[in-house]
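Note sheet for the following structure.
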Amino acid sequence: MALVIPKESYSGKIYEVQIGSGGKSVTIGGANALPFLSFEGVFPHKPAVALEIMDIAPTDWPETVQKAVSGASANPVSWAKFCQEQGADLVALRLLGTHPDQQNKSADEAARVAADVAAAIDVPLVILGSGQAEKDSQVLQAAAAATRGKNCAIGKAVEENYKTVAAAAMANDHKLIAMSQLDVNLAKQLNILLSQMGFAKEKIIMDPMSSALGYGLEYTYSVMERIRQAALLQNDPMMQTPIVCDIGLNVWKVKETIAPDAEMPEWGGLADRALAWEVISASGMLTAGADMLIMRHPGAAAKTKELIADLM
Amino acid sequence: MALSGVEIFKYLPKTNCKKCGHPTCLAFAMKLAAKQASLDACPDASADAKKVLGEAAAPPIRGIVIGAGDKAVKVGDEICLFRHEKKFFNPCALAVSIKASEAGDAAAKKIDAVKTSEIDRVGQKLRVDAICVTDDAGDAAKFASVVKQVVDGAPGVPVILNSKNPAAIEAGIAHCADKRPLIYAATAENAEAMAKIAKEKKASLAISANGLEALEALSDKVKAMGVDDLVLDPGARKAKDMVEQYTIIRRAAIKKNFKPLGFPIISFADRGDSLAEATAAAIGVMKYASIIVLNSIEKWKMLALLSLRQNIYTDPQVPMQVKQDIYKIGDAKESSPLMITTNFSLSYFIVRGEVENSKVPSWIAVMDNEGLSVLTAWAAGKFTASKIAQFITESGVEKNVTTKELIIPGYVAVLSGALEEKLPGWKITVGPREANQLPTFLKGKA
């Protein structure tokens, strides 16, 4: 008997979401088949890689990645330009300095940084709060207004603050990153809540909550696979938003990216190990369906882009 | 394709002799269909019945064992396309290629790297699983000498014999004939000779073709020659082709029970650059490769790939567990804070990560709750005041932590009163609900 290629019949399609404007704008999504299966679907846009910068110096980042951005990272504008030169598809500005436990910077201060960074680069900008839901409401409102017209992606909207963050995105014509806690139903629920308040689901990018290689990667991986199946095979409109994975944040705090050679000789050299940790984590997220990755190490981002080329 | 009870019944003797332990042949057929009985229990089953039912009962992807002894690896025998559907059963084998041209010191170095590759990860011992001796010199004697060097140098490590030249395979297999090597590979050109060797030496045989149609034809051809233990290489090397071809093979085997492709896949992650090779191998780990051959096995690379494999092959229904213990984070001292959480590995990893972030040296007491998260364990009655008290008392943590203060997760604040009663002399402090608030909390205490 001759092999008949067993094809899936997909009824759904991932929304296409554009970030930024002009020649360097980035569009993600648009797939109508499970990741990279081009024999049964189309993939109009390759997954995009954003490099992360912050409004404060990355003194908390492990040495390997700190070194990789040193020289540029003292100031967010030079850091953003550096990322653009390094080939980042987007720059992701994390306003960590606004966190009450960090420098507790004001929303206005953060907004100025966001506007300065947006003005300094041609690639699209992603604006992320510090992760403190309450403070993020104010910070993201101010940052969204300060970057109006730049078509940024702002976030993360979470259960506790989605109304204000989504309102800020809507009022200033930005896209929205909505994060739920590693659960298929919670991801869908948040998209439903956003839709109910009038936010267009076609402007949402969902963050299913990333995890690092060796530290729960399989949970994110399977949640993403299930989200993609619901979107494409069950044609669930609330699951058809593109997916972003915030990788650097999760990777650059685990022991494998920090422990020096002497401490863990059986793990091999730190520089190679740490880089591999971010790249292999990224490869996992890509395989499961990520449309956009936020990474920290320019070398890891470049290697990930090589893999994306190899996959398309 | 699985047969129904009634379909199976047609092939049984219909004598209702009860020798199988079931009252009737139909009842036995129903048990067979439910996979609760084996046809072996029927003494009168015809050869025809054994053949048909055996084929129907065979797993959609044949399980293959490479090597002999305690380092032998079993691959294949998978039943699903996505790990959340059930689980991935037999972790892919990671092998390093040693080329004939590396005979001598270079080979010895790699052999040594394989022997010292074992790492312990969340309680599992992981290592480079196999060595692939690669005939790059076109010299059968030289190839065989490296096979010998490998077999002598890394006793027990499963061997893959990689040559398209039957004479080289013949020479090489002489050194590992009783060790169930995998021969790579039969092609359209050498299939007869390779099949003959595989059959004689009871070795498994990889078949290599360019594309799935050619692979199917080769599979049928080699099977007809009497080799049952096959491994497939459809020729994919680019990541895109790997994902596509391996997916088609897996789908055809599992969803269509397509026998010619119902075998494990061998993948070559050959890249000039070691990290690029790691990414190609990672794609293989996630997308259905059962054996992955690498050119180099630096420790950092194996740590990443073995961790990925462990993640992907974890049973989604059985949470990963951490060993019950008191874990020391940073330079914790007698006066450092002591927190408790459950042994669900994700709970522990997240708590640990945040404690490390806080840079406040601390102790984390991890209690065995069968891998449940804090709230689930509490709801299931496995994280109660009396059980926590018993654990803390028996752990002897008192000796290390003189503050006698125990910080409990905010979600189980309700336990604090009862705990203070059950742990006389201890102060129970309610910590934050979410781990990400731990740095603030701990810095506040320091």
Side-chain angles (χ1 to χ4, degrees), chain A residues 1-8 34-39 60 100-101 131 182 211-219 221-223 225-226 229 250 253-256 258 265-277 279-284 287-288 300 303-304 306-307 309-312, chain B residues 82-84 116 118-122 212-213 215-216 238-240 242-244 247-248 251-252 255-256 258-261 273-276 278-280 282-283 286-287 298-305 307-308 310-314 316 320 345-346 349-350 352-354 356-357 436 439-440 443:
Chain A
M1 58 180 168
L3 172 69
V4 178
I5 303 287
K7 291 189 185 175
E8 287 287 356
L34 290 177
F36 308 113
L37 299 180
S38 61
F39 65 88
D60 277 353
D101 292 344
L182 206 49
S211 37
L213 174 62
Y215 294 82
L217 175 128
E218 72 273 26
Y219 292 91
Y221 185 86
S222 285
V223 163
E225 284 199 330
R226 291 172 63 197
Q229 288 177 336
N250 290 288
K253 67 179 181 192
V254 304
K255 198 170 177 189
E256 285 76 359
I258 299 169
E266 69 273 29
W267 281 5
L270 171 62
D272 287 326
R273 186 207 314 145
L275 198 67
W277 222 255
V279 175
I280 300 296
S281 298
S283 74
T287 307
K303 196 51 77 174
T304 302
E306 268 180 44
L307 174 64
D310 201 19
L311 279 163
M312 302 288 287
Chain B
F82 300 97
R83 56 187 296 282
H84 63 257
T116 56
E118 188 165 284
I119 48 167
D120 187 309
R121 209 156 167 96
V122 206
L212 295 169
E213 264 177 50
L215 192 67
E216 179 198 345
K238 185 173 154 66
K240 167 188 155 73
M242 288 167 62
V243 173
E244 293 191 346
T247 298
I248 292 170
R251 259 193 215 161
K255 293 183 118 177
K256 307 286 176 197
F258 187 73
K259 289 295 172 192
L261 299 183
D273 166 273
S274 189
L275 184 50
T279 62
I283 298 299
M286 293 180 279
K287 284 292 155 188
E298 297 90 332
K299 287 191 178 300
W300 57 266
K301 186 172 168 184
M302 295 319 295
L303 182 73
L305 289 174
S307 300
L308 178 67
Q310 185 179 52
N311 283 167
I312 296 297
Y313 279 84
T314 296
M320 292 259 280
S345 65
L346 203 53
F349 285 146
I350 291 172
R352 185 189 173 116
E354 294 297 349
E356 283 175 348
N357 270 352
N436 63 12
T440 315
K443 280 178 199 157

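The structure displayed is predicted, hence computed values, not measured ones. In what follows, chains carry the letters A, B, and so on, assigned in the order in which the sequence lines appear, proteins first and then strands, with residues in each chain numbered from 1.
Chain B forms the most heavy-atom pairs under 4.5 Å with one residue out of A/A276, A/G216, A/S281, and that residue is A/A276. Interface remark: of the candidates A/L270, A/L275, A/I5, A/I5 forms the most heavy-atom pairs closer than 4.5 Å to chain B. Here B/A304 is the residue among B/A278, B/A282, B/A304 with the most heavy-atom pairs under 4.5 Å with chain A. Per-residue counts of heavy-atom pairs under 4.5 Å with chain A were compared for B/R121, B/M242, B/K287; the largest is that of B/R121. With chain B as the partner, the residue from A/L307, A/D272, A/D101, A/I280 showing the most heavy-atom pairs under 4.5 Å is A/D272.
A/R273 places a side-chain N or O within donor-acceptor distance of the main-chain N or O of A/E256, the cut-off being under 3.5 Å. For B/E216 (side chain) and A/L3 (main-chain N/O), a donor-acceptor pair under 3.5 Å exists by modelled atom type. With hydrogens and angles ignored, the 3.5 Å screen pairs a side-chain donor or acceptor of B/T279 with a backbone N or O of B/A276.
Of the two parts of B/E244, the backbone and the side chain both hold a non-hydrogen atom closer than 4.5 Å to a non-hydrogen atom of chain A. In this structure, chain B has a heavy atom under 4.5 Å from the side chain of A/W277, while its backbone stays farther away. When heavy atoms are compared at a cutoff of 4.5 Å, A/A309 approaches chain B solely by way of its backbone atoms N, CA, C and O. Of the atoms belonging to A/K303, it is side-chain heavy atoms, and not backbone ones, that fall under 4.5 Å from chain B. Heavy atoms of B/I248 lying under 4.5 Å from chain A belong to its backbone as well as its side chain. Residue A/L34 touches chain B through its side chain alone, counting heavy-atom pairs closer than 4.5 Å. Of the two parts of B/N436, neither the backbone nor the side chain holds a non-hydrogen atom closer than 4.5 Å to a non-hydrogen atom of chain A. Both the backbone and the side chain of B/L308 come within less than 4.5 Å of a heavy atom in chain A. Heavy-atom distances place the backbone of A/P265, and not its side chain, under 4.5 Å from chain B. Heavy atoms of B/L261 lying under 4.5 Å from chain A belong exclusively to its side chain. Only the side chain of A/Q229 comes within contact range of chain B, with at least one heavy atom under 4.5 Å from a heavy atom of that chain. The part of A/E306 that comes within reach of chain B is its side chain, from C-beta onward, which places non-hydrogen atoms under 4.5 angstrom from that chain. With a threshold of 4.5 angstrom between heavy atoms, B/E354 approaches chain A through side-chain atoms but not through N, CA, C or O. The contact between B/T440 and chain A is made by backbone and side chain atoms together, counting heavy-atom distances below 4.5 Å.
Note that the CZ atom of B/R83 and the CD atom of A/E218 stand 5.5 Å from one another [nearest 0.5 Å].
A/S38 and B/K240 share a donor-acceptor pair across their side chains, judged by distance under 3.5 Å alone.
Remark: A/F36 engages no residue in a ring-ring contact (aromatic ring centres under 6.0 Å, His included) (not counting sequence neighbours). Scanning for ring-ring contact (aromatic ring centres under 6.0 Å, His included) contacts around A/F39 gives an empty result, with sequence neighbours left out.
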